[in-house]
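The structure appears below as structure tokens.
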Amino acid sequence: MAVPKRKMSRSNTRSRRANWKVAAVATVACPQCKSPKLPHAACGVCGTYNGRQVLEV
């Protein structure tokens, strides 16, 4: 198992952690009502998926 030989400084630790960015959630427009929704999921506003009604809204 690899073990560090020396302590990593605070600036090195913080600059490494600075790259842990959270990506924004990807959304697409619903083809029926044009509201933003998650891709490959039913629309929460109108309840359609792939051109057909799948949820009672």
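As the structure is a computational prediction, the values presented were derived from the model and not from experiment.
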Using atom types as modelled, flag every donor-acceptor pair under 3.5 Å from a side chain in residues 50-57 to any protein atom, sequence neighbours excluded.
{"from": "Q53", "atom 1": "NE2", "to": "C46", "atom 2": "O", "distance (Å)": "3.0"}
{"from": "Q53", "atom 1": "NE2", "to": "L55", "atom 2": "O", "distance (Å)": "2.7"}

For this session: Look up atom OG1 in T48 and atom CD in Q32, then write down how far apart they are to the nearest 0.5 Å.
Result: 4.5 Å
Exercise. For T13 and R10, what are the C-alpha separation, side-chain angles and deciding distance, and is it a side-chain contact (heavy atoms from CB on, under 4.5 Å)?
Worked result: CA-CA 5 Å; T13 302; R10 284 188 187 145; 5.6 Å; no
Problem set entry | Audit row: K37, T27, side-chain contact (heavy atoms from CB on, under 4.5 Å) steps and yes/no | CA-CA 5 Å; K37 70 174 193 76; T27 57; over 6 Å; no
Exercise. Which pair of non-hydrogen atoms, one from S35 and one from V45, has the smallest distance, and what is that distance?
Worked result: OG-CG2, 3.6 Å
